[in-house]
Visitor: 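Following this message is one structure expressed as structure tokens.
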Amino acid sequence: MSQHGPPGLSRRALLRLGGAAGAAAALGPLGACAGPTGAQSAGAMTLALNRSLVSLDNKLNQFDAAVTVQRAVRQALTRIGPDLTPEPVLADRFELTAPTEWTVRLRKGVHYSDGSPVLVRDVATALSMYKQVSGSFLASFFPEWPQVEEVDDRVFLLHTERPLPVLDYLMANILITPGDANEAAELPSGIGSGPYVVTAANRGTGTYTLERNDRYWGARRPAVPTVDVRFLPEESSRVVSLRGGEVDVIDTISPDSAEQLTGLPDIAMDSVPGTRINQLFYNFRKPDDHPLSDVRVREALTFAIDGRTLVDDVLVGSVTQADGVVSGALTGAVATGAYVHDPRKARGLLAAAGIGPGDLTLKLIWETGEFAGDTTVMEAVLQMLKDAGVGVTLQQFEPGGDIPQWRQGRGGDWDVIGNGFASPTGLALATVQGMFGGTAEKEKTRDTYQGYVVPEVTDILDRAYDETDPKARQELAAQAQHAVWRTWPCLWAFVPNSVLARRRRVRGLALEASNSYDLAATRLEG
């Protein structure tokens, strides 16, 4: 594998194309940079997110940093703990009592912020609403939706037609809210059972104020009385605001920003290996006669990408090049292969598939903030593909724009998307199901991942989910991952570390691999 960038690129300095004027001209006009929005309130902790939190509900979208805020307001029956296994939250019993039956018991005394009790029917309604919403991120993890049978006011059964032995993992993502106020859409307001309540919200600007829930049922009461959430899409603004003391925590930090912040006396950096995988994913909705519908072409293009240069010189060691189809940190993840840089081989394989220099032009799209250093990565990839004789156009979307429509194949045509996929269950099997378990039926409602529908993969996943023996289930999960790799679904993929920066007055923040943390456990000093 080459350890050097392609011709015309000079390692780190020249790969920082995203900040250059020429790159800006090539990408077209971008949204105005958002700057600091005022000083902190006394006694408040302020979080500055790189993506707009449009809702405190997660039916449609669940980017990593949103989980921290969403789960401070609304809770689930279980949560995925730091060791990536389920922990009880609203339920104190979650037990597989038959191959297709789970027995669940609500914890005694759990209630919402208005004092009303959490009811079994609220769980049933939540499942119904998550099932009905179109384009749900979480729906892809469920091979089928369980049915609720109430036993008494605390105990209920979850029934499935086929075995679903990982349901306790999956239900960690179904946030419970009063049934009468739930809808088959993201809820912009309303109450939950969490340690905080929302006292002000502007989903247009992504600004929220959370106050301590004085009626919280849990033993751990929040130490911080007020949490302010802001949306600052421009990374430089987040860094300046953190250094100036206007915000306390920022997420999704590029290596350049980390370098600026490291060593400052009032700033601490937290980093852990991540469970999210970022991909330059192919569009699987192409017609049969399109080059990207040919697995030979998809594989050939991967040889044009110098992953080592991207990791070492663009992302400066803040990520790991993927050696599988999911993050290696997930339970049950296996290594399936390696991305190898060989532009000569790329040109040769493309020629064998009937594609000569200049015959193929790819359109790459992504949303600003999808991963740290996104623009710089895309500019470098553009040059690498050009060196292999492949033309490239770039289209960058502003946060909160219409890229979700493009992901679903409703907004416009594209060839490769720079995208990240969170792993909210901690399981490799569930993440493979979420990305690669698409079916023709799901594609009708665009509930597939970029149109990926491969019956061989789906069949293996179905058998894995039916398997109640853990060892046999893991063997099938490994088979599924290898089957996915053979389809070459990505131009390139990498696993970022979960990284955030905070002012040292923020204590007790335990960053998890999911890039989230328990907001109620944090405290302020000084």
Visitor: Of all residues at least two apart in sequence or in a different chain, which pass the ring-ring contact (aromatic ring centres under 6.0 Å, His included) check with Phe371?
Guide: Phe494
Visitor: Please identify each residue that fulfils side chain to side chain donor-acceptor pair (under 3.5 Å) with Arg107, with sequence neighbours left out.
Guide: none
Visitor: As a test of understanding, state which of Thr275, Val67, Asn173 forms a side chain to side chain contact (heavy atoms under 4.5 Å, CB included) with Pro424.
Guide: Asn173
Visitor: Please report the closest heavy-atom contact between Val247 and Arg503, naming both atoms and the distance.
Guide: O-CD, 3.4 Å
Visitor: Less than 4.0 Å between a side-chain N and a carboxylate O, is that true for Asp248 and Arg505?
Guide: yes
Visitor: Can you name the side-chain contact (heavy atoms from CB on, under 4.5 Å) partners of Arg221, sequence neighbours left out?
Guide: Tyr216
Visitor: Can you list every side-chain hydrogen bond (donor to acceptor under 3.5 Å, both in side chains) pair that touches residues 418-427, not counting sequence neighbours?
Guide: Arg407-Asn419, Asn419-Tyr449, Ser423-Thr431
Visitor: Under the rule for side chain to side chain donor-acceptor pair (under 3.5 Å), what residues qualify as partners of Glu95, not counting sequence neighbours?
Guide: Arg93
Visitor: Are Phe397 and Trp406 close enough that their ring centers fall under 6.0 Å?
Guide: yes
Visitor: Start with the C-alpha gap between Phe421 and Phe141, add the side-chain angles, then the distance that decides, and say whether ring pair (Phe, Tyr, Trp, His ring centres under 6.0 Å) holds.
Guide: CA-CA 12 Å; Phe421 197 89; Phe141 292 97; 5.7 Å; yes
Visitor: Given Ser128 and Gln132, is the side chain to side chain donor-acceptor pair (under 3.5 Å) satisfied, shown in steps?
Guide: CA-CA 6 Å; Ser128 177; Gln132 292 179 43; 2.8 Å; yes
Visitor: Minimum heavy-atom separation for Ser271 to Asn497, with atom names?
Guide: OG-CB, 3.7 Å
Visitor: Between Asp152 and Arg154, is there a salt bridge with N-O shorter than 4.0 Å?
Guide: no
Visitor: Just one of Glu234, Glu398, Gln396 clears the side chain to side chain contact (heavy atoms under 4.5 Å, CB included) bar with Thr368, so which one?
Guide: Gln396
Visitor: What I want to find out is whether Asp313 reaches Arg308 closely enough, with some N-O distance under 4.0 Å, to be called a salt bridge.
Guide: no
Visitor: Quick one: does Ser327's side chain have a donor or acceptor within less than 3.5 Å of a partner on Gly274's backbone?
Guide: yes
Visitor: Got more than 12 heavy atoms from elsewhere within 6.0 Å of CD, Glu467?
Guide: yes
Visitor: Are the charged groups of Arg276 and Glu370 less than 4.0 angstrom apart, N to O?
Guide: yes
Visitor: What are the two closest heavy atoms between Val314 and Pro255, and how far apart are they?
Guide: O-CG, 4.3 Å
Visitor: With a 4.0 Å cut-off on N to O distance, would you call Glu144 and Lys131 a salt bridge?
Guide: no
Visitor: Between the side chains of Asp153 and Arg121, is the shortest nitrogen-to-carboxylate-oxygen separation below 4.0 Å, so that they form an ion pair?
Guide: no
Visitor: Do Glu525 and Arg504 meet the salt-bridge criterion of a basic N to acidic O distance under 4.0 Å?
Guide: no
Visitor: For Phe94, what residues pass the ring-ring contact (aromatic ring centres under 6.0 Å, His included) criterion, not counting sequence neighbours?
Guide: Trp102
Visitor: Run the salt-bridge test on Lys108 and Asp92 with the 4.0 Å N-O cut-off and return the result as yes or no.
Guide: no
Visitor: Are any of the side-chain heavy atoms of Leu187 and Thr177 separated by less than 4.5 Å?
Guide: yes
